[in-house]
Amino acid sequence: ACSSSSDGSSSTGGGIAGSAQKDSKAAGDGVIKIGLLSTLDGPYAALGQAANMGAKVALVDAGATLDGTGDRNGIKDLTIGGQKVELVVESSDATPDAALAATQRLVEKDDVDVVVGPLSGDEGLAVKDYAKQHLDTTFVNGTSGAQNTTLRDPAPNFFRFTTDGAQWMAGLGDYAFTDLGYKKVVTLGEDYSFPYDQVGGFMTQYCAAGGQVPDKIWVPLGTKDFSSFIATMPTDVDAILVALGGADVLNFTKQIDQSPLAGKPILGGSIAVDGSVVKGLGERAEGIVSAGPVAELDTPEYKAYAAQLTKLFPNAAPPGLFDVGYYTEMKATLDALNTIGGKLEDGHKALNETLSGMQVVSPSGPVKLDENRQAIANNYIFQVTDGASKMIKTIPDVNQTLGMDRAEYVDQPANDRDHPSCP
Amino acid sequence: MLAVAAAISLAAFCGRDLASNPLLFVSTVLNGVSSAALYFIVASGFTLIFGLLRVTNLAHGSFYLAGGYIGYSIHEAIGSWLLALAGAGLAVGAMGLVFQVLLLRRVASDPIRESLLTIGLTVVVADVTLSVWGGTALDIGAPSVLDSSIHVGTLVYSQYRIALVGFALLIGAGLYVLLQRTRLGMTIRAGVDDPAILATTGVNVPFLLSLVFGLGALLAGVAGVAGGSYLSISQGEDARYLLISLLVVIVGGLGSVPGAAAGALLVGLVEAFAQVHLPTYSVLVTFAVMIVVLAFRPQGLFGGVQ
Amino acid sequence: MSTPALELRSVTRRFGGLVAVHDVDLRLEVGTKRALLGPNGAGKTTLVNLISGVVPPSSGEIDVFGVDVTRESGRRRVGRGLARTYQESKLFAGLNVQQNLMLALAGAHGGRWRPFPGGRATRARRERARELAHRVGLANQCGMLADALSHGGKRQLELAMALASEPRLLILDEPAAGLSPSERVMLTELLDELDEDLTLLLIEHDMNVALAVADSVTVMVDGTVMFNGTPGEASDSQLVHDIYLGSAHV
Amino acid sequence: MSENALEIRGLQGWRGSAHVLQDLDLDLASGRLGIVGRNGMGKTTLCESITGVLSGRGRVDGSISVFGRQIAQLPAYRRSRLGVAYVPQGRRLFSSLNVEETLRVAERRGPWTQARVFSLFPRLAERKKTKGTSLSGGEQQMLAIGRALLTQPKLLVMDEPSEGLAPIVVEQVVGACQTLADEGMNLLVVEQNLAAATAIADNLVVIANGRVVAKLTSAQLRDDPVLQRRYLGIGVDDAEHLELGSAQSHPR
Amino acid sequence: MSAVDRRASLMGTTDAVRLAGLGRHRLAAVAAIAVVAIALVAAPYVLTPYFFVQILIRSLWLGTVAVSLTFLIRYAGMISLAQTGIYGVAAYVTANLSVTRGVNQWAAAGVGISVAVALAFAVGALAARARAVYFLMLTLAVGVFIYYFALQYRPFTYGFSGINGVAPPSIGSVSLSDPHNFYWFALGTAVVCLLALYGFAHSPLGLALQADRDSPDRARALGMNPTLVRVVGFTVAGVVAAIGGVISVWFNGQVSPGSLDITRTIDILIIVVLGGVARLEGAWLGALLLSIMTVYLSDYTDHYLTVIGLVFMGVVLVSPNGVPGLVATSISGLRRLRAPASTPVSASPTQQENH
Ligand SMILES: Nc1ncnc2c1ncn2[C@@H]1O[C@H](COP(=O)(O)OP(=O)(O)OP(=O)(O)O)[C@@H](O)[C@H]1O
Ligand SMILES: Nc1ncnc2c1ncn2[C@@H]1O[C@H](COP(=O)(O)OP(=O)(O)OP(=O)(O)O)[C@@H](O)[C@H]1O
Ligand SMILES: [Mg+2]
Ligand SMILES: [Mg+2]
């Protein structure tokens, strides 16, 4: 019955809330306003904090000065094409409702020209729907990784310079089966679209390689105590794939260590051992293999970025998925604005065209967009050693269909509780 | 009759479960019981405040959260788990006392306004803890003596979780004696019934009520450390534990310590078994059971007639 | 013999180990005005609760106008013409005196909970309510919230509400308690003027009221009926003096 | 002691928004004073002003001193510690405590003990484990009195203590009041039962519309129907009732 | 003798005076209604589009949901935390039927409201025996249950992301997709709900509801069935909440678990408090205030959540009757300053009712 994992239903925008247009025409008023939308409230606040740091590094790189080091502080001293650039910071609590309300505030109340964000999967779907009703505003994703934001029924003015949740797992399936020799893996993730995409991304390749996933465990959103779920896990597996993030990984690893499964190798989802999380995990993180779009690279871009990040925010964790993601999106936005000299009077035509053709070199490698305005970029395999995630393999130029034929890939049922499957 | 039918089907269910996978059954029961222990510790302060002051303290989760964070910092600073427990308890207790004296007392006798004030506090505490401790999940870590597992045959179980059960029993017994057997307990109950008249017998009622509120907050702070060592402490835990406390206390019956224990046990076990047998709808099962219990016994399992 | 208004046959009620009402037989012919006396804790209020269906009897039967109501809900008994007052006032504190009375009146008439009744019925009810308020001495307080009445005022309203339902069997639980001496005089007059056919069971510790109104007296002690007789016999009885009246009422 | 047990000057009292006590003066040098008056005249409000219970529902202005101490602005519990105790109208027992617990909560060290209360009201001794609010009306009254006595008062304020009591118990209460007074306790008793009022106290004040309108001796009131009619409206016919009825009007 | 005269003589002079005062009040009330009506008519033309749509129209349906709670608290003494659940069910059913099953929007709304009302009836029947905090908790459990149901039962609710793309219907040739038309529609519905609730409250059944609130024992002794009365009252409130739910889903174009989670429940509670429970209209005022606060406070401070929390606590502390009560006390305070010897004003109804 669930035809689609990530998209509830028809995505032609509806309702009155989305239909209001800006209070006044923003373009050509001498100010370019950029809205920054992340999650500074609720359980994912730590991720939002990192995201905002990354975005601000891009702004500072472009010549701005920070108004302060707080999460919600803006910037000053940046002009593009003779126009002052202003940053308006908004926050959600990771629910689509809150993201939508925040986007409405940015677009309709604060008259921003570009929205950069949001942070999490389902928020992105809501914002994409909204984008369709506001074609004279440009939307550049944050780190939201739901596949269907761009894979199916995309919005013409929504751009994503980060890869999606399935792309983030590219390579891990092969690596687990071939290099690590795991023939059977059990997965555990929260019951919503982002983990579906993560597990789906893993299994697409893992099952194709011949691996087996005897059981997928979906815990209700907000689960903290995993002990009873752990108790139901089959014990005759080679590894456990944990598609959790933030505090949950911490809770999970603690509990698995105190169960009969103690010592089983752990494969991590992309946000399981991300830079901002690994700190809290301490020793328990050692040895976890995971995949993700951001790695500690030996490139000038990475080094410059890492240096700038610690300089601006001494308390920041090492570069991770969220800050680098927001950095990349913000950098692409600023580059495009610079290219067109800040000209937005044409209903953002020039800006959107420029963005579509943009290629950026991000701290995590080169990025270009496909015809749906979705990033094609490198992905990396990691292992945690000595308290840090160390890159052990690069998967170059991963596209959204993971190398499969687009038509065929889109025709498959979307990732969800039961799909894909190879018990 | 209904109870008998329920008991029979419950026994049948357990028997089948036990036969099909004894290890799973035992560990599920253990999980349920140890969760229940934590829930009881969290809810004990809530039942005190809720049952005695008739204040629906919706900031209870925030007290828990603050306790966890403060405990974390103390633990980081001096490395003693026990001191962290005590320090967090005292700090949060003091916080609750100040809140009660400065704000809550002014709207005493209007239950709606009281709970609304506590909602306001929730918002503030969440915002402040976020700016102080950040959004990352923090792990206090169990005390080193308990930080390992017990092995019985193929069964592996966390020592800390078992110790929690003992801790819960201790708190429960202490509270029961305080409320039912001491004059202070009686005075507190009288203060809830008719504060104005109790005052004419020479009791400083506002002071007494503040004390109770402080004690409830203290228990929440202690629970924060216990829970932060059991799992971890992070933003969002406040709402979670508030909801759990509400469930436990209401199912058990207002202000009744044995009731809270029964409520915690029911919630913990139902949750554990539902997660094993019906993972997708486990939360629904937990709440459905609560609704059914309350529909048949509106005053909770152990609650007297209002 | 005509059907009595109220008949209790060996009614017993226990609370745990305490027998609050023990094997009581009581028969009230239509039109009787009976005073029920007895020391504190004798079981008088419990008896009223049994009759009005607030608590079920442990054993025994209760007839109201010839119908066995032992197993009937309190609500149904109201429909049979039974009304009572409470020893502790139970009023609609958030409504004013008039609204309290209008509710009581509505309770007395059929089809009472039609959400939007005709204006005429409402107007007539409002008139009746005012009249009742006047009768119990609350004419000046019609618009006052019941909660704001003084203790005595509440007692007066209690009485008016019982009268409002135009009962055929009226049970009053200490109507004079809390009333000032002058209001007690009014109360006595009011009870004296009650309808011939109305059956009254009156619990009252004020002998000036009870003996003036009643045509017969029952005395209960420790849950059992110890005495039945006329008011005159009661005030002459040594037994009644010893257990209830004391020396004051010689 | 030269000080008056109770001295009230210019007392104003509000209940909700109603100005109930209007410039009331009252003295109780020592011993027993009865207060009578019709329903709604402010007797309870006066009691609550003295004991400090009113502050929750209204407010007071003016001077109240007991044994020379100004107490008008003290919280209720401080007044209790100065020896003021209260038997409230309608009993107001603690619904979650039983008889024994109620007494235990109130008890302070002094001449009154639980045993003495039980010997004063034997009926209570039989009902020790019953919740206060499950007691019969009269039993509740006894418990309320016992509760007040155990705080070892020097000034006992009673609001209609005989309400709901059987005549024989009223006699006991009246007797108890006399005993208490003989032991040196000062009593302020509001009473609707005229016989009881005159038996308890030698001096009475009549309150109407929040003021003291008369000070009489018990004998005067007991024996003089004219006074009874004038102040209490007993035996009035309708016309006079109206005249008194104005006293019933409520400040709103 | 005119009716008023007769009433005055019956009630005595004090009441007559009060009646005269009421005449003055009635004049003020008429004036106030006129001012509000003019403001509401002028609003679409003078407000910025953002304020008009995101604040004003949003407040209209938020207020409609909240008024169901105000009604319950004011007249039945029931604090229900299930109102968000009920409006959510109406919204979900409407959205699912019209979007994924292509049912006519009005029909979908009709079914949505019916299902939600049936649910309200069931919850009412389940919870009617519980009182005070038990009622509060039972309804909270129901609300949370519905939230998790929306989250987990993907076949119907589509899980965390919910249902998007719900379009408002049209009335004949008038399309409600136009914010102006939608405004009049939402406003009309709000007024109808308000009048209906007042009508109900003053009907005998409404009086019975209040009677039950004050003394269920006595109500029973008068021949009422308190449980039934409570169930009916709860269901009536459920109708209004469900209507609010339908309007909300047409307004937002989407519904997801986030639309009915515990923070939304708390929002509704906050609205009711800000608006006060003395009068039902307060709900819309509260909705307007909360919307304005959440949107505009973040312009001024990073810690706007703390500020909202503090402002909210301030209102709760200072005024038992929300912002209107605050205004009323300050006005009467000023008056008292001007004429210190005047008779004290009568207490506000809630003050007397909160016991
Ligand atoms: N619900 C109850 N639980 C326990 N005991 C009760 C309950 N109700 C009444 N009793 C006891 O039953 C006895 C009779 O009480 P009841 O109220 O009928 O007395 P009464 O004759 O009305 O006395 P009074 O004249 O003082 O009002 C009392 O001893 C009382 O304590
Ligand atoms: N909340 C209120 N608002 C307005 N008036 C009130 C309020 N509460 C009490 N009153 C009025 O205050 C007056 C004084 O009441 P009080 O209880 O002191 O009278 P009382 O002399 O004790 O009467 P009783 O003999 O009936 O007990 C009464 O007329 C009462 O109606
Ligand atoms: Mg009685
Ligand atoms: Mg009085």
D/R116 atom CZ, neighbour heavy-atom count above 12 within 6.0 Å: yes

OG on C/S150 to CD on D/Q89, rounded to 0.5 Å: 7.5 Å

Non-hydrogen atoms of D/G37 and C/S180 that approach each other most closely: O-CB, 3.9 Å

To the nearest 0.5 Å, what is the distance between CD1 (D/I168) and CD1 (C/I243)? 8.5 Å

Reported CG-to-CG distance for the pair D/L124 and C/N40, which is rounded to 0.5 angstrom: 10.0 Å

Name the region of C/D206, side chain, backbone, both or neither, that has any atom closer than 4.5 Å to a heavy atom of chain D. neither

Do C/R184 and D/Q192 touch side chain to side chain, with heavy atoms closer than 4.5 Å? yes

Taking the side chain as everything from C-beta on, heavy atoms only, tell me whether D/E126 gets closer than 4.5 Å to C/L18. no

Of all the heavy-atom pairs spanning D/G164 and C/A177, show the shortest one and how long it is. N-CB, 4.4 Å

Are any non-hydrogen side-chain atoms of D/N39 and C/R155 less than 4.5 angstrom apart? no

D/E163 pairs by side chain to side chain contact (heavy atoms under 4.5 Å, CB included) with which of C/H151, C/H205, C/E174? C/H151

C/D222 with D/R123: basic N within carboxylate O range, under 4.0 Å: yes

Between D/N193, D/L165, D/V169, which shows the greatest number of heavy-atom pairs under 4.5 Å with chain C? D/L165

If every non-hydrogen atom of C/G38 is compared with every non-hydrogen atom of D/A166, which pair is closest and at what distance? O-CB, 4.4 Å

